[in-house]
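Data block below; observations after.
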Amino acid sequence: MKTRQVVTNKFVTVWRGYFRKRVDMVKILNVVGARPNFMKMAPIIAEMKRRGGEISQTLVHTGQHYDDAMSGAFFRDLGMPEPDVHLDTRDGTHAEQTARVMMAFEGALAAERPDWVVVVGDVNSTLACALVATKLRIRVAHVEAGLRSFDRTMPEEINRVLTDQLSDLLLTPSPDADENLLREGIPQERIVRVGNVMIDTLYRQIERAQRSSILDDLRLIPQGFAVLTLHRPSNVDNPETLRLIFAALGEISRELAIVFPAHPRTQSRMREFGVEPPPGVRVMDPLGYLDFLKLWSNSKMTLTDSGGLQEETTALGVPCLTLRENTERPITVEQGTNQVVGVDHERIVSAAEAIIANERSKFARVPELWDGRTSERIVAALLSRADQQECQGERAATIEM
Ligand code: UD1
């Protein structure tokens, strides 16, 4: 009897301690939705786990990307925990996708009622979740805030501008991003320059990636090939543009093989338009993070319209040709290995030929704060502001549904 009493008392004490600790913890809800979000969120989750006593975190996957190749493979490669909540919203038009994420996320958010919602990047899920959280008066932190292409025909640009306007804490990768935000009227006290969180993942995974057998599997030798990625609507939704790009790549591929892990939207557009890549371009399904890192880091150059790859190639000093007319990441051109060549045949071919001939002597360096410790600065910024009851206006004590 006495023993049972002691055990019960001990249980009550432990439970009270646990409960008090939980109450003191900062509740953070992290959102991912599409492929480029996963490598940004992985180190943030790991850092929050490291500071586990101070934070209780929940991971929500909106399901914008749902294929194993676009989502599941990244969770495995990056050692991410299974999402606590999966909204399984899938695709549709931009309005449908954004609306579906908003509707599903509202319920998840009301159930959790976190201190912070953390969104990353510029995909539809980023904006949808930031909008829902703001209307429920829950604070939003945006990782990779302030990037601007100044091209409003890009869906991602609309997502960037609006997410930044809604967010309470703007975590930026570079000085240009800070300047863009200040110009748009965001108060300085809401901006914290933390560096580039994708580079945390890159540095953490580079050694593991070198163990991938992808080069042998594809019978490639280091520096003996180029890597291509292409999925922007402006490049792949128009058959003429796609043909123009492929014509330039055909010329390059006579000198250097091109490997092309193709995004599902690009594969379906190529089928729909009946546009075939030239023979020297090897098309394959999208690769996981580690295989892809091994591939591009051993390539002679990358040709891409992806934002993330412009940054990653800069961090490792691999030449990058951006097949777009602009970039929201100008620091990769000013300081890094990136050259914006658009979709003009001559510009693409002559820039590629200079790289093949090793004529390219562009001075390149890794930008400040792209040092693998950005996730630590992000979590520190969230915790240091956790006590503030409000950032943008008064926060309601209860959430009315
Ligand atoms: C989205 C992001 C873009 C990001 C890109 C990276 C927006 C506005 N765009 O573009 O910023 O660079 O992801 O991948 O959010 N699909 C599949 N399987 C999947 C996911 C998509 O087959 O797992 C197909 C869809 O059916 C659709 C197409 O790919 O036909 C486009 O997907 P969507 O999520 O709408 O946008 P992305 O073009 O991938």
Side-chain angles (χ1 to χ4, degrees), residues 31-41 61-78 83 86-102 104-105 119-131 142-145 147-149 151-164 198 201 227-238 241-242 260-273 283-289 292 296 302 304-312 322-324 326-329 332:
V31 177
V32 289
R35 184 171 63 175
N37 292 163
F38 306 133
M39 49 294 253
K40 292 168 196 165
M41 193 52 87
H61 189 332
T62 67
Q64 179 177 340
H65 283 176
Y66 45 86
D67 283 354
D68 191 66
M70 298 295 283
S71 175
F74 286 81
F75 273 72
R76 288 193 297 278
D77 276 1
L78 302 175
H86 203 301
L87 304 179
D88 202 23
T89 54
R90 304 224 167 189
D91 45 43
T93 64
H94 281 265
E96 284 166 352
Q97 195 174 66
T98 310
R100 241 183 257 147
V101 172
M102 286 180 70
F105 188 60
V119 294
V120 296
D122 57 13
V123 301
N124 287 337
S125 300
T126 309
L127 171 61
C129 295
L131 186 50
H142 183 206
V143 174
E144 202 186 82
L147 298 185
R148 297 290 180 270
S149 65
D151 175 1
R152 293 264 174 131
T153 65
M154 282 180 85
E156 294 84 358
E157 182 75 353
I158 310 292
N159 294 343
R160 291 180 200 118
V161 170
L162 295 179
T163 303
D164 286 342
M198 277 189 102
T201 296
V227 171
L228 167 71
T229 80
L230 215 54
H231 74 274
R232 294 269 162 224
S234 59
N235 282 339
V236 305
D237 285 2
N238 178 334
T241 312
L242 204 49
F260 181 21
H263 187 288
R265 80 176 281 128
T266 311
Q267 294 196 32
S268 71
R269 292 295 181 269
M270 290 192 307
R271 276 193 301 273
E272 197 181 307
F273 302 147
V283 186
M284 63 194 69
D285 285 335
L287 295 172
Y289 184 84
F292 188 58
W296 69 257
T302 67
T304 190
D305 60 8
S306 143
L309 202 48
Q310 295 172 47
E311 299 179 330
E312 292 170 319
T322 293
L323 306 175
R324 285 170 43 189
N326 51 52
T327 178
E328 61 289 330
R329 285 140 162 115
T332 60

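Note that the numbering runs from 1 along the sequence shown for the chain. Just so you know, ligand 1 is whichever comes first in the structure, and atom 1 is the first atom listed for that ligand. Keep in mind it's a predicted model, so treat the numbers as computed, not measured.
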Ligand 1-proximal atoms of Arg90, by part, heavy-atom distance under 4.0 Å: neither
Lys/Arg N to Asp/Glu carboxylate O, Asp122 vs Arg160, below 4.0 Å: yes
Which residue and heavy atom of the protein sit nearest atom 21 (C) of ligand 1, plus the separation: His65 CD2, 3.7 Å
Nearest neighbour in protein (non-hydrogen) for atom 8 (C) of ligand 1: Asn124 OD1, 3.2 Å
Least distance between heavy atoms, Thr62 atom then Val101 atom: CG2-CG1, 3.7 Å
N/O separation below 3.5 Å, His94 to ligand 1: no
Any N/O pair Asn159/ligand 1 closer than 3.5 Å: no
Protein contact of atom 11 (O) of ligand 1 - nearest heavy atom, named by residue and atom, plus distance: Glu156 OE2, 2.9 Å
Distance filter under 4.0 Å to Asp122 heavy atoms, resulting ligand 1 atoms: 11 (O)
Stepwise side chain to side chain contact (heavy atoms under 4.5 Å, CB included) check, Tyr66 with Asp91: CA-CA 9 Å; Tyr66 45 86; Asp91 45 43; 2.6 Å; yes
Leu147 to Glu157 - nearest heavy-atom pair and separation: O-OE1, 4.2 Å
N/O separation below 3.5 Å, Gln64 to ligand 1: yes
Mutual orientation of the aromatic rings belonging to His86 and His61 [parallel < 30°, tilted 30-60°, perpendicular > 60°]: parallel
Whether Thr266 side chain and Leu230 backbone form a donor-acceptor pair below 3.5 Å: yes
Spacing of Thr126 atom OG1 and Glu144 atom CD [to the nearest 0.5 Å]: 8.5 Å
Protein heavy atom at shortest distance from atom 28 (C) of ligand 1: Arg265 CB, 3.4 Å
Heavy-atom nearest neighbour in the protein, as seen from atom 12 (O) of ligand 1, with distance rounded to 0.1 Å: His231 NE2, 2.9 Å
Residue part near ligand 1, for Met70, under 4.0 Å between non-hydrogen atoms: side chain
Contacting atoms of ligand 1, where contact means under 4.0 angstrom from a heavy atom of Asp67: 17 (C), 18 (N), 19 (C), 22 (O), 23 (O)
Shortest protein contact, atom 16 (N) of ligand 1 (heavy atom only): Tyr66 OH, 3.7 Å
Verdict with reasoning, Leu228 to Leu323, per side chain to side chain contact (heavy atoms under 4.5 Å, CB included): CA-CA 10 Å; Leu228 167 71; Leu323 306 175; 3.9 Å; yes
Shortest protein contact, atom 26 (O) of ligand 1 (heavy atom only): Asp91 OD2, 2.3 Å
Distance in Å, His94 NE2 paired with Ile158 CD1, rounded so as to fall on 0.5 Å steps: 10.5 Å
Asn124 side, atom CG; Asn159 side, atom CG - distance, nearest 0.5 Å: 5.0 Å
Any Pro36 heavy atom less than 4.0 Å from ligand 1: yes
Aromatic ring pairing Phe38/Phe74, orientation class (parallel under 30°, perpendicular over 60°, tilted between): tilted
Distance filter under 4.0 Å to Arg35 heavy atoms, resulting ligand 1 atoms: 14 (O)
Per-residue contact class, Val123 against ligand 1 - non-hydrogen pairs under 4.0 Å: both
Heavy atom of the protein closest to atom 35 (O) of ligand 1 (residue, atom name, distance): Gln97 NE2, 3.5 Å
